[in-house]
There are 2 protein chains.
Amino acid sequence: MTARPSLNPIDLILKKRDGGNLTRTEIAGFVDGVTSGDIPDYQAAAFLMASYLNGMNGEEMVGLTHCMLHSGSVLDLSDIPGRKVDKHSTGGVGDKMSIILAPIVASCGVPVPMISGRGLGHTGGTLDKLESIPGFSTQMSIASYRQQLAEIGVVMIGQTDDIAPADKKLYALRDVTATVEFIPFIAASILSKKLAEGIDALVLDVKFGSGAFMQSETQARKLAQTLTDLGEQFGKRTVALLTDMNQPLGFAIGNWPEIAESIDCLHGKGPEDVMEVTLALSAEMIVAGGKASSLEEGLRMAEASISSGRAWAKFEELVARQGGQLESIQDPAVRTKGQAMQDIHAQQSGTISHIDARIVGRAAVSLGAGRVKKEDVVDPRAGIILSVSAGSEVQVGDVIAQLVASTSDRFEQAASLLSTAFEIGSEREIGTSRIKDRYSDGKWLNP
Amino acid sequence: MTARPSLNPIDLILKKRDGGNLTRTEIAGFVDGVTSGDIPDYQAAAFLMASYLNGMNGEEMVGLTHCMLHSGSVLDLSDIPGRKVDKHSTGGVGDKMSIILAPIVASCGVPVPMISGRGLGHTGGTLDKLESIPGFSTQMSIASYRQQLAEIGVVMIGQTDDIAPADKKLYALRDVTATVEFIPFIAASILSKKLAEGIDALVLDVKFGSGAFMQSETQARKLAQTLTDLGEQFGKRTVALLTDMNQPLGFAIGNWPEIAESIDCLHGKGPEDVMEVTLALSAEMIVAGGKASSLEEGLRMAEASISSGRAWAKFEELVARQGGQLESIQDPAVRTKGQAMQDIHAQQSGTISHIDARIVGRAAVSLGAGRVKKEDVVDPRAGIILSVSAGSEVQVGDVIAQLVASTSDRFEQAASLLSTAFEIGSEREIGTSRIKDRYSDGKWLNP
């Protein structure tokens, strides 16, 4: 702290401890100190907990986002024609939407620069899914990223070291100090990374329910609102959909299984729930990208992109460009051959009234499809293929799901976990939309 | 954390973050983890801040004290005859009481095993004062500590590595994470160290006012009560005096200057305020040690120990036993020779209405008598000798204090600071007792 003697980290902690609000200079001092390592982890941890418990006001959150954004490179893509639009999901079980919508939206003429993360806990990550395509590389230089976006209109990579390094440090610390679930931190973390990508607009998929990060709808609404307002404050068009994540999205959970299901979707054979959310998000992105003047028009364009094969062609172009083997996506069943499999059977007859997304996600992780700790290695082909969805009628002994993994040694634990995910009753759940609400321009559609 | 997978530190942080109360097992897991290093500093820091902000109940505080106490060796002195009694002061400016009362109490037949700390900030520490006696060693093995206590009835050393190591780690962390001023932590820190000494009873001097750690009387009362009740819960007779630390104690501030003043006190020529508190604390210790049946009797014994020369003889015995040069304490003025000195003069005529203890303490530190950072080296002979006390009448230009240091280069800063400590008015402050109240057996004398 010799360089900034006026910003003693203890004074910053003390101010938050005693319920005060930090100035922009103080927040900059904290973020700079954490990024440079001048503020040690234990002081940052005390600061995070004090902020968590005493709160941060809107100005502090904007300041934090700003400082985290500018802790690294902020890309300027203004030389690439068109309004660049990205989507961010708060994460769920079976959430493969990025893989489907990026080629859809790009094929409609909206450039999609997408920097994604890995899965942790019961939720999957887009990067892990993409990397389950043999040869697909998610690492490239910023120069190649720009060039690919300019040439084919879509690029999907992992976070680089020079994008929001403060977030990387703070996130790792929040993760081990029980300070993750705090809206100002969540919002600053998401926005600082997304704003650094050089986008003009952002569409948010904020999920609630058992499989989501925010289980309560109230909290998810608060997060959606905070993220959207914050994005607009940074001059980026931002829209949020509030979607239901109580049950898994689609039938496939796991990295390669979800790629295979995404391929079905791009061929127009996707599960209804996945397509509903994917098309709605695509329509938002097409409108935000200025290529449609209404959501209805955006939706028609997205549907046409699939039915015409343009979305699929764009996906093949993306995979080829990033080194992925086209044969694998052209015949996805091949890649599943030789895997150990085990069927899960219905214990009773009746109607599937509910499938708990969180339990399904945890069962997939226990098969090796995800990570408990950041260091864990993911089995790209492991996962769960559900044979039923809420509303399906089953007889005792019917196959309701299939476990897939490289070896069968993890099946026992996963099977016993997964069997608790299904509720079978006599009542058929009324099929409802996954999309619960939409927030933009400071208001909800269905408040 | 592999050894205790059931006690995930994140779960402990989470529980305190969400306002829960920890079980004894959970607290033990935290303290053990911090001591062994299995719980990293950043998780401990988050835990400390969450506890600070959400509070700890009595049971958690007892658990914390117990676990910190048993994080290292707990001495058993039961083979040494007599009830062993120690005193703990929460720290002040000019507080040299331990040096005077240890020989008094020991000469009255009560064994005094005393483990003390160093000064930090504006307050001094007994260890630094003792070490200003040339040759005096405050480091010895536990075996030598026991032997000296058995043979001469008094021993004064510094904290060893095996006494409450958890406190050492936690204190260092609290110091840099703004989590020091929290009564459950303060109480557990003090008691865990004192209970490890093998004492039967403890007399507390809890100070309030500008020169004290706890400036507010209300907070000091709360601390006194918490410490006393906690000590009794551990089966040790515990009594607290609440004393006023708004003005410096005595005339000497600094390590050797305070030793010189303590020598005066042991010769029966000490300042009134120092003697009032010293004799009261001595009387408490003599009663707690079972050598007097009333405080009046204890007081008479303490006074007789001084007037008879027995206290002085015991002090000489202590100094000689711990390697100190007897000539230095027999003629303390010799050690001051060759020091740079500077007089501070009264700026106006009138009556000294107040001398601010904290400012005097900080001026002494700026002379080199204390530490701002733990690593600072102390100048043993530096300090301040006041020529006046509250109530003294002065004329413009009268000497009101003298600065002493190895070199004169620090005088300018210290003089300018010290000159703000004196309030000179026309009103003479009514001399009042330093002892404001006494807490024992669950009640205050003057609530």
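Proteins get letters first, then strands, A, B, ... in listed order; numbering begins at 1 in each.
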Pairs of donor and acceptor atoms, chain A with chain B, under 3.5 Å:
residue: A:R17; atom: NE; partner: B:Y52; partner atom: OH; Å: 3.1
residue: A:R17; atom: NH1; partner: B:Y52; partner atom: OH; Å: 3.2
residue: A:R17; atom: NH1; partner: B:A178; partner atom: O; Å: 2.8
residue: A:R17; atom: NH1; partner: B:E181; partner atom: OE1; Å: 3.2
residue: A:R17; atom: NH2; partner: B:Y52; partner atom: OH; Å: 3.2
residue: A:Q43; atom: NE2; partner: B:V176; partner atom: O; Å: 2.7
residue: A:Y52; atom: OH; partner: B:R17; partner atom: NE; Å: 3.0
residue: A:Y52; atom: OH; partner: B:R17; partner atom: NH1; Å: 3.2
residue: A:Y52; atom: OH; partner: B:R17; partner atom: NH2; Å: 3.2
residue: A:V176; atom: O; partner: B:Q43; partner atom: NE2; Å: 2.7
residue: A:A178; atom: O; partner: B:R17; partner atom: NH1; Å: 2.8
residue: A:E181; atom: OE1; partner: B:R17; partner atom: NH1; Å: 3.1

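Interface check for chain A: of the options B:A178, B:P40, B:A50, the most heavy-atom pairs under 4.5 Å are formed by B:A178.
Only the side chain of B:L173 comes within contact range of chain A, with heavy atoms under 4.5 Å apart.
Between A:M49 and B:I13 the shortest side-chain heavy-atom distance falls below 4.5 Å.
Between A:A45 and B:A45, the shortest heavy-atom contact is CB-CB, 4.2 Å.
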